[in-house]
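All figures in this text were calculated on a predicted structure; none of them were measured in a lab. Only this structure's heavy atoms are used, side chains among them; waters, hydrogens and symmetry mates stay out.
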Amino acid sequence: ATTHNTLYIHPNNNIIIIHNNSNRNKIMTSTTASSTTATTTTTNVPSDVLEERLIDEEYKIWKKNTPFLYDYVMTHSLEWPSLTCQWLPQTKVRGSVEEHNLLIGTHTTGEPNYLMMASCCLPRSNCNNTAAASAAAAEDNNSNNKKVAAPEYDEEKQEFGGFTGSSDPTVGKISIKMKIPHEGEVNRARFMPQNHWIVASRGPQPHIYLWDLKKQPSFPDAANASSMIPKPQGVCTGHAKEGYGMVWSTFEEGHLCTASEDSTVRLWDVSTLTNSNTTNNNNAGASGISVQEFQSYLTLKHHQDTVEDVDWHYKDPNLIVSVGGDKKMCLWNKKSDQPHFVVNDAHAADINSVAFNPLNDFIVATGSSDKTIGIWDVRTLKQKVHTLSGGHTDDVFSIQWAPHDEAILASCSADRRVCVWDLSRTGAEQDPQDAEDGPPELLFVHGGHTSKVSDLAWNPNADFTLATTSEDNIFQVWTMMEEIYATSGAMDDDNDDRDTSENGGGGGRKKSRGGLRANELE
């Protein structure tokens with residue numbers, strides 16, 4: 001129960017480390033020595049087999065030490081891997097648990113693919129105090145018969161798993177609630193902020209599919225061939241190739257922005273989809289089903305290679321950012337089809353992901369195949385404000401800012417790791433030993449995956465809870481130990497001498513900047 005600042009699995013030497021206030025304690029020795037011995041005695045073993053053994057050994061070490069790293073970890077083995085995940089906003093309180101829902105998909109060939117909704121039951125003590133949860137908590141406080149769910153220790157496996165002290169058997173469980181047949185694998189799926197029942201998805205085709213989840217059956221009838229045919233409510237046509245990048249506007253209902261391998265960014269207005277109970281034309285979708293078809297109202301052209309990702313500003317309805325395989329970052333004002341500002345060679349390799357900070361109007365982050373994350377200020381884009389490096393050893397696939405703290409950023413990579421960064425620790429002093437373990441901003445490294453991590457998502461209704469999905473069919477929901485980020489927050493409060501009155505007073509880590517002024521972008 002020692003108070004500590006940072007707790008993580010080191011990405012280079014696979015040591016799980018506690019950084020203590022007064023000392024450093026290695027709670028698990030490195031696998032390097034044993035791996036070296038194995039290599040010298042098995043010189044004829046193929047390198048891929050040795051790598052698989054090393055990955056398996058790393059995972060065993062991580063699994064045994066999860067009690068020291070997490071408040072909880074939930075692992076679900078999917079039938080097929082998912083390339084996408086996103087939390088849906090609605091929750092439901094049921095006794096000692098709170099049910100949360102997520103969008104995921106399948107990625108397979110030769111078998112049917114599905115857009116899916118998964119249900120995850122979290123112990124209620126780990127969720128935000130919504131009105132419903134507060135009422136339920138008050139009811140529990142009046143009864144001495146109920147216990148708070150706690151991790152259960154498996155003596156046989158010598159590891160923690162499941163929850164005890166709860167009468168609800170669903171606590172800690174992940175299940176599939178809905179399966180919608182999809183045309184090819186699901187590259188990405190995102191819900192509309194103004195109506196979470198409307199979902200846009202992308203696959204190997206150039207089209208973007210639009211779904212009204214209320215009009216879809218929960219599960220197809222496998223015995224009925226027609227029920228296995230994808231039946232989207234709408235389709236956006238115009239891109240010449242497939243893509244991944246996709247984001248809804250938080251200001252204008254039904255406005256969607258997409259990126260593609262055809263080097264373009266397109267904007268769509270699909271607001272009529274929510275106002276129509278039936279299709280308004282006879283156009284056929286990819287599966288021959290009559291659907292409502294949409295054409296883009298604006299095409300943005302400047303990139304010279306695949307546009308990997310796009311994001312829409314949270315406070316400015318006209319501000320869009322795009323990144324691509326040409327190493328460029330383009331800032332767009334959607335009132336024009338020409339970029340407002342272009343950063344050439346923003347990274348040393350392809351830029352795979354971009355994200356505006358939802359709590360700080362001026363900050364945008366980029367994740368790249370050069371293994372780094374760039375932090376930029378939209379007012380001074382000539383150079384990065386800061387570079388986060390030393391956390392990943394392979395391509396950074398996806399990044400996302402925490403919705404509850406402007407300084408917290410998560411990233412996932414082909415190196416099988418998910419890193420959580422705390423920018424409030426930038427410039428913090430480190431002794432030589434600490435510096436060997438990574439930069440001061442590296443708050444936590446999740447090592448629960450054994451293959452490339454495809455996507456990640458912060459839970460907006462449960463602080464510091466993440467969902468991550470990887471190519472080995474594993475889908476995980478986890479929360480790092482509270483002492484890790486709570487201690488980091490305390491450090492931030494001690495070192496931050498800025499006047500917090502502009503943030504409405506109060507304490508804690510949740511801070512936000514004011515809105516963009518009229519002349520800020522110029």
Side-chain angles (χ1 to χ4, degrees), residues 83-84 86 115 182-195 198-211 232-274 280-281 283-286 291-314 316-326 328-342 350-356 364 366:
L83 301 177
T84 183
Q86 184 187 27
L115 172 66
H182 193 272
E183 188 74 24
E185 63 266 21
V186 182
N187 289 349
R188 188 161 294 183
R190 295 291 184 261
F191 70 85
M192 183 194 299
Q194 298 83 0
N195 181 355
I198 302 298
V199 174
S201 69
R202 308 197 66 175
Q205 305 295 330
H207 315 307
I208 295 93
Y209 300 105
L210 305 169
W211 312 84
Q233 273 63 51
V235 60
C236 299
T237 60
H239 279 302
K241 297 180 180 179
E242 67 174 304
Y244 286 82
M246 180 168 60
V247 61
W248 291 93
S249 170
T250 57
F251 289 90
E252 299 174 284
E253 181 175 351
H255 284 246
L256 180 69
C257 180
T258 59
S260 171
E261 292 181 2
D262 64 9
S263 305
T264 68
V265 175
R266 289 178 180 263
L267 276 69
W268 322 77
D269 180 1
V270 301
S271 56
T272 56
L273 184 75
T274 60
N280 65 355
N281 59 44
N283 291 315
V291 295
Q292 190 172 351
E293 185 173 336
F294 297 91
Q295 301 291 332
S296 60
Y297 66 84
L298 182 62
T299 301
L300 306 177
K301 299 179 180 180
H302 182 79
H303 286 280
Q304 298 170 327
D305 204 335
T306 298
V307 185
E308 299 286 359
D309 200 16
V310 289
D311 200 17
W312 215 314
H313 200 272
Y314 289 85
D316 188 335
N318 298 313
L319 190 58
I320 294 169
V321 64
S322 62
V323 294
D326 55 4
K328 292 182 179 182
M329 177 172 68
C330 297
L331 206 65
W332 306 84
N333 185 325
K334 78 181 187 74
K335 295 180 179 179
S336 169
D337 61 358
Q338 296 300 312
H340 182 83
F341 195 91
V342 177
D350 295 5
I351 309 176
N352 303 316
S353 183
V354 64
F356 280 117
V364 61
T366 52

Next item on the list: Might you work through the side-chain contact (heavy atoms from CB on, under 4.5 Å) test for Leu267 and Leu300, ending with a clear yes or no?
Entry: CA-CA 8 Å; Leu267 276 69; Leu300 306 177; 4.0 Å; yes
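- In this structure, Cys330 and Val342 have side chains that are in contact, with non-hydrogen atoms separated by less than 4.5 Å.
- A donor and an acceptor atom, one from each side chain of Gln295 and Thr237, are located under 3.5 Å apart.
- Atom CG in Leu256 sits 7.0 Å away from atom CG in Leu210 (nearest 0.5 Å).
- In terms of modelled atom types and a separation under 3.5 Å, the side chain of Ser263 and the main chain of Asp305 share a donor-acceptor contact.
- Take His182 and apply the side-chain hydrogen bond (donor to acceptor under 3.5 Å, both in side chains) test, not counting sequence neighbours, and it matches Ser201.
- For the residue pair His340 / Asn333, no side-chain donor-acceptor distance below 3.5 Å is found, with atom types taken as modelled.
- One finds the OG atom of Ser296 at 9.0 Å from the CD1 atom of Ile208 (value rounded to the nearest 0.5 Å).
- The line from OG of Ser249 to NE2 of His313 is 12.0 Å long, rounded to the nearest 0.5 Å.
- Below 30°, between 30° and 60°, or above 60°: for His303 and Trp332 the angle between ring planes is between 30° and 60°, a tilted geometry.
- Once rounded to the nearest 0.5 Å, the distance linking CD of Glu242 with CG of Asn187 reads 5.0 Å.
- Taking OG1 from Thr299 and NZ from Lys301, the interatomic distance works out to 6.5 Å, rounded to the nearest 0.5 Å.
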Note to self: Run Glu183 and His207 through side-chain contact (heavy atoms from CB on, under 4.5 Å) and show every step you take.
What the structure shows: CA-CA 10 Å; Glu183 188 74 24; His207 315 307; over 6 Å; no
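- Tested against His255 for a side chain to side chain donor-acceptor pair (under 3.5 Å), the candidates Tyr297, Trp312, Trp248 yield a single pass: Tyr297.
- When the options Arg188, Glu185, Arg190 are evaluated for a side chain to side chain donor-acceptor pair (under 3.5 Å) with Thr84, the one that passes is Arg190.
- Within the 4.5 Å cutoff, no side-chain heavy atoms of Ser271 are placed close to those of Gln194.
- Ring pair Tyr209/Trp211 is tilted by interplanar angle, where 30° to 60° counts as tilted.
- For residues 330-342, every residue pair satisfying the salt bridge (charged side-chain N to carboxylate O under 4.0 Å, His left out) rule, not counting sequence neighbours, is listed here: Glu252-Lys334.
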